[in-house]
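Below, chain A is the first sequence line, B the second, and so on; all start at residue 1.
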2 protein chains.
Amino acid sequence: MKPTAVTWAILGLLAEQPRSGYDLKRSIDRTIRHFWAASYGQIYPELKRLEEAGWISGADGGNRARRVYRATPAGRAALVDWLHGEETRIELRDESLLRLFFADTLPADEALGLLRARRDGYAQMHALLRSLDDGSGEPDTPFVDLVYRWGLDYCAWGIEWCERQERRLRRRS
Amino acid sequence: MKPTAVTWAILGLLAEQPRSGYDLKRSIDRTIRHFWAASYGQIYPELKRLEEAGWISGADGGNRARRVYRATPAGRAALVDWLHGEETRIELRDESLLRLFFADTLPADEALGLLRARRDGYAQMHALLRSLDDGSGEPDTPFVDLVYRWGLDYCAWGIEWCERQERRLRRRS
DNA sequence: TAGTGCATGTAATGCGTTACATGATTTC
DNA sequence: GAAATCATGTAACGCATTACATGCACTA
């Protein structure tokens, strides 16, 4: 069992509460997905691998043909090991920055348009994140809340940054 | 010819000045790589595809066995089209956030350690970016400089954010 | 009884990294 | 002449998405 990032995403959610593959996908889409996406094509095979490794156990549950998994003690231990694991390397992948990087080829006003588009991208994501917190539902645990705040704050920062830079570049031209 | 992100990275650099595959890799590692990495395994096959498409042309240059490519007019046109292209969707992939997200499983002080580790990750990347600007070399064009600033500012923001949140969480506990 | 959403899964494909193979040239 | 670096490339592998296939259950 060679763990990958999706391993921990699934195991972490199952440690919190038992879920089916379908539920996992929905939970991920509401939360984790904004900094780490996962698709069915990863989730279902990974559930099998995790069960073989003894880190989760599945049981046919409820009506329908749904199989509900829960984290085993061994799984919880592995999760905690990972949390203690190697240091953090910040890695980015941001196509919008790639575009900005080459914007010097364009006339000045079109180049500024790209900066504006980036700003709008941030605004859109900010709106999406805000819409996830409908106020109902129980309040999040501290670190789940922390990561949610990160998303909001990051977008807010990004919007301001783009606006500030746009003003700066306009002043010089 | 179905373009992908690495297509534009290469084409953009070649539009600026002619380079070999090896030079491209080095340029990418100094600049683009901080928000969009690329490996030889992508670069060399992509150079072939780009040449077949007529977007770049290669010539055996200099001494050694080096092949130097330059963007053709068709390539430049394609690049500009891409720059004008679809709107920007912000997509993230950040394993450190994934860890933070599950930190509630840990005792409070260890969880705060993860936040500190993230801060240190930002600090490390900030130092790396600063080290790239040795002051020598000609000054960057406006948008190349803009993206460089983004990296620095993002790291600075990230450091502050982590420190602020650490203080906040300590106050509550 | 037709449609929608629940639920599970796989196959094909594409993107990207790593590791390896090869050899020339410069520098010490 | 040994080491470092320049330089090009490929094969194997792994990770992830997309699209598709299947069928049940609820509801209008």
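Atom CZ in B/Arg33 sits roughly 10 Å away from atom P in C/dT17 (whole-Å rounding). For the pair A/Arg67 CZ and D/dC24 P, the computed distance is 19 Å after rounding to whole Å. Whole-Å rounding puts the B/Glu46 CD to C/dG16 P distance at 10 Å. Distance A/Leu47 CG to C/dA7 C1': 13 Å, rounded to the nearest Å. Rounded to whole Å, the distance from CZ on A/Arg66 to P on D/dC26 is 12 Å. In this structure, the CZ atom of B/Arg19 is 18 Å from the C1' atom of D/dT8, given to the nearest Å. For the pair B/Asp23 CG and D/dC6 C1', the computed distance is 10 Å after rounding to whole Å. As a whole-Å value, the separation of B/Lys25 NZ from D/dT5 P is 16 Å.
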Using a cutoff of under 3.5 Å, can you pull out all pairs of nitrogen or oxygen atoms linking the protein to nucleotides 12-16 of chain D, with atom names and distances?
unit_1: D/dA16; atom_1: OP1; unit_2: B/Arg93; atom_2: NH1; d: 3.0
unit_1: D/dA16; atom_1: OP2; unit_2: A/Gln42; atom_2: NE2; d: 3.1
unit_1: D/dA16; atom_1: O5'; unit_2: A/Gln42; atom_2: NE2; d: 3.4

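Here B/Asp23 pairs with B/Ser20, B/Arg66 under the side-chain hydrogen bond (donor to acceptor under 3.5 Å, both in side chains) rule; sequence neighbours left out.
How far CG of B/Leu11 is from CG of B/Leu79: 5.0 Å, rounded to the nearest 0.5 Å.
With a 6.0 Å cutoff to the six-membered ring centre and a 45° limit on the axis angle, B/Arg99 does not count as a cation-pi contact of A/Trp8. Cation-pi contact between B/Arg119 and B/Trp161: absent, since separation from the ring centre below 6.0 Å together with deviation from the ring axis within 45° is not met.
Residue B/Lys48 has its side chain nearest to D/dG9 when only D/dG9, D/dT8, C/dT8 are considered.
Of the possible polar contacts, one joining the B/Glu51 side chain to the B/Gly58 backbone as a donor-acceptor pair under 3.5 Å is found. A donor-acceptor pair is defined here as one N or O able to donate and one able to accept, closer than 3.5 Å; no such pair exists between the side chain of A/Thr4 and the backbone of A/Thr7.
One finds a side-chain N or O of A/Tyr44 lying less than 4.0 angstrom from the OP1 or OP2 phosphate oxygen of C/dT8. Contact annotation: A/Tyr22 side-chain N/O to C/dT8 OP1/OP2 distance is not under 4.0 Å.
Sequence order on DNA chain D of the closest nucleotides to B/Tyr69 and B/Arg26 puts B/Arg26 first from the 5' end.
Aromatic ring orientation, A/Trp157 versus B/Tyr154: tilted (interplanar angle from 30° to 60°).
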